Every structure is written in C-alpha cells, then in structure tokens.
Amino acid sequence: MTIIDEVWLKSQWREADSISMKQTQSTREQGVTKLRAIPMFTDLSETDLETFADMVQLKRYPKGAFIVTQNERGSTMYLLVSGRVKVSLASPSGKELALNYLEAPAHFGEMSLVDAEPRSADVIAVTDVELFSLDAKDLSSAIQINPRLALSLIATLSRRLRQTILRLEDMAFHDATHRVMRVVLNVATASYETRGVPVIQGLTHYDIATLAGTSRETASRIISNLAKDGVLATKGRKIVVDLIKLRERLEGE
Ligand code: CMP
C-alpha cells in the first residue's frame, strides 16, 4: 500500500462501526461471550463480565483502516478480539518502519491512556478487525474488576521495551542481512510456538523489510540467498523456515 492509499484510507475509515455494549441485552450478551474468549477474562464471574461489557464498546474496522494515528491525542485503549494490526511509524518522506504486528488477543493504545502523551505510533488494521475500546475514565474500575488487566499491561510494556532494545541493538550493531534474518527468525518462531509450524504467512517482502529497517529490494535479495542456502523455502505466499539452520547462521555472524 502506498502512502497515498494510506492517507485516503485514514480519511475514509476513521469512524468504525461501533456498538455500545449498553445498547441492548443481546449486544451485552454478545460482549460477554467475546470477552470470555479473551484469556485474561476467562475466569471472571458472569456479573463481572457484564459490568465490564457495559464499560466497553465493540468496534469493527476494515482492512487498511487507521485505528490510532501517531501524535494524535488519545484517551482510549483497545482490546483486539479478532484480526491483526500493524504498529508502525511513517517518516515525512513516506518511509515506513514497522514496530510490530499484533494478533488477537492483544491490546494497544494503553500508552497514551496511562501517560496522557500523544499516540506513539500508527496502528493500522492489516485484516478486518474487531475490538473493544475502553475509555481512560473507566480504566481504574476495569482494573478493580479484573486485576489481571493491570498485570497484563505491565507485562506487555516490559516485553515491548525488551523488543525495542533488541531492535535498537540490531540497528546500531548489525547490518541489513542480520536484521532481516532476525525478523524472519522471530516471526517463524512465533508461528512455531502458536501453530506448530515455522512459517511466515500474510507478510510480504515489503512487510519484512519495514520490520527490519531496510528496503524491499534488499530484503528480497537476502531472502532469496537464504533460500539458495536451504535455510528457508518459499511455497506460494508462505515462507517455511528451518529454525535450527537460521539460528546457527545468526549465531555465526
Ligand atoms: P499509544 O502510544 O497510546 O498508541 C500507539 C500504540 O502502539 C501504543 O500506545 C502501544 O499500545 C502500541 N505500541 C507502541 N510501540 C509498540 C511496540 N514497539 N510494539 C507493540 N506495540 C507498540
């Protein structure tokens, strides 16, 4: 997607379909069912789930929509119910640096809500997504109902800080080949841990390049060299990775 497409989508899709859970009994029940499916809420009682459902709004965004825009003021956080989003930064000249891809269940938008600073990044739907939004005014009540929410916010912040430190280290000390290999290893390892297969799916060479902080051409060249060396294989739109070989490569650098 070009930067022009993104600007257009920004203007078109800021207003998502939105359903307030307070509206009707059936939307509330729908909210309770969807909340219960999020691991952090599974153990809550029916009453707590209903109270929580009254605080949140269920929203749907189409693929390509900007859910959060960098530098805007924001006082809402989001719980991703289904779909995938990209957290990224855009330079004034239109270059993109992807910080992360988040898949449901996950949350985002908590930083501005906690420190009242502008949004740190864009968050863009890369598939159609469904999420709950929670306003800052309701955060402390939400935490009282479900203290795991606070623990999850802290754990996620530390994990993202660690990832950012690793990225900084890679940018400062390693070349594009190392950075592309690291991205491929991270994504394929996450897929192996969640789905049992070390596969990269739904990410183009451009997406890998923006995660590695390099150009699409460079990322494609490195991926094709890794394929020649048997470290990975491209099958249609999937990349199947030999995790052991790739880890050995990275350690040998
Ligand atoms: P906020 O700054 O409110 O809006 C943008 C959101 O992107 C931010 O909150 C975080 O939830 C999320 N975010 C920022 N940096 C990262 C990162 N490195 N990895 C994952 N998510 C991030």
Side-chain angles (χ1 to χ4, degrees), residues 6 9-10 13-14 16 38-40 55-57 59 61 63-91 95-127 129-140 142-143 148-172 174 179-180 182-187 189-191 193-194 200 202-203 207-214:
E6 291 196 345
L9 280 163
K10 227 183 241 194
W13 293 112
R14 291 310 307 276
I38 301 176
M40 169 171 41
M55 288 179 195
V56 292
Q57 283 203 317
K59 294 183 175 177
Y61 288 83
K63 179 178 171 178
F66 277 66
I67 303 165
V68 161
T69 304
Q70 190 185 9
N71 295 327
E72 272 189 359
R73 293 260 157 211
S75 57
T76 308
M77 65 165 284
Y78 301 91
L79 301 167
L80 195 56
V81 176
S82 66
R84 195 142 68 109
V85 299
K86 174 171 67 171
V87 182
S88 69
L89 307 175
S91 76
K95 277 198 196 152
E96 185 185 0
L97 177 67
L99 297 174
N100 220 328
Y101 282 78
L102 307 177
E103 255 179 71
H107 60 255
F108 59 89
E110 75 295 338
M111 287 171 63
S112 295
L113 192 131
V114 170
D115 66 11
E117 292 290 326
R119 298 292 193 189
S120 57
D122 291 328
V123 182
I124 305 161
V126 291
T127 61
V129 303
E130 199 173 35
L131 45 75
F132 286 116
S133 65
L134 175 73
D135 281 344
K137 64 176 173 41
D138 293 322
L139 181 62
S140 54
I143 288 172
R148 282 169 73 186
L149 178 59
L151 290 176
S152 171
L153 289 180
I154 298 167
T156 308
L157 280 172
S158 4
R159 195 172 58 247
R160 288 177 187 167
L161 182 59
R162 278 180 196 284
Q163 286 172 351
T164 307
I165 292 169
L166 279 177
R167 285 288 286 283
L168 201 58
E169 193 182 15
D170 273 355
M171 291 287 193
H174 296 294
R179 298 201 303 270
V180 169
R182 172 92 85 184
V183 168
V184 170
L185 182 66
N186 288 347
V187 178
T189 303
S191 154
E193 283 166 0
T194 53
I200 298 181
L203 285 187
D207 296 332
I208 293 172
T210 57
L211 279 167
T214 189

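This structure is a prediction, so every number in the text was calculated from the model and none was measured. Indexing begins at 1, ligand by ligand and atom by atom, following the structure's order.
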Taking C-beta and beyond as the side chain, do [X] and [Y] meet within less than 4.5 Å on heavy atoms?
X: Leu134; Y: Met55; value: yes
X: Met111; Y: Glu117; value: no
X: Leu203; Y: Val183; value: no

Any donor-acceptor pair under 3.5 Å from [X] side chain to [Y] backbone:
X: Thr127; Y: Arg84; result: yes
X: Arg73; Y: Ala116; result: yes
X: Ser88; Y: Leu99; result: no

Tell me the protein heavy atom at minimum distance from [atom], and give that distance in Å.
atom: atom 19 (N) of ligand 1; result: Asn100 ND2, 3.0 Å
atom: atom 3 (O) of ligand 1; result: Arg119 NH1, 2.7 Å
atom: atom 6 (C) of ligand 1; result: Gly109 N, 3.8 Å
atom: atom 15 (N) of ligand 1; result: Leu99 CD1, 3.8 Å
atom: atom 14 (C) of ligand 1; result: Ser120 OG, 3.5 Å

* Asked: Hey, does Gly74 sit under 4.0 Å from ligand 1 if you only count heavy atoms?
  ->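 Distance cut 4.0 Å: Gly74 fails for ligand 1.
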Pull out every atom of ligand 1 sitting under 4.0 Å from any heavy atom of [X], numbered as shown with elements.
X: Glu110; value: 9 (O), 10 (C), 11 (O)
X: Ala121; value: 5 (C)
X: Phe108; value: 11 (O)

* Asked: Taking the six-membered ring for Trp, are Tyr61 and Tyr78 parallel (under 30°), tilted (30 to 60°) or perpendicular (over 60°)?
  ->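 Aromatic pair Tyr61/Tyr78 classed perpendicular.
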* To do: Would you tell me which option among Arg160, Met77, Gln163 has the nearest heavy-atom contact to atom 21 (N) of ligand 1?
  =>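 Going through Arg160, Met77, Gln163 one by one, Arg160 has the nearest heavy atom to atom 21 (N) of ligand 1.
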* Among Val87, Val68, Thr156, which residue places a heavy atom closest to atom 7 (O) of ligand 1? ->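 Residue with the shortest heavy-atom distance to the ligand atom: Val87.
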* To the nearest 0.5 Å, tell me how far Asp138 CG sits from Ser133 OG. =>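 If we round to the nearest 0.5 Å, Asp138:CG and Ser133:OG are 9.5 Å apart.
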* Side chain, backbone, both or neither: which part of Leu113 comes within less than 4.0 Å of ligand 1 when only heavy atoms are counted? ->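 Leu113 to ligand 1: no contact under 4.0 Å from either part.
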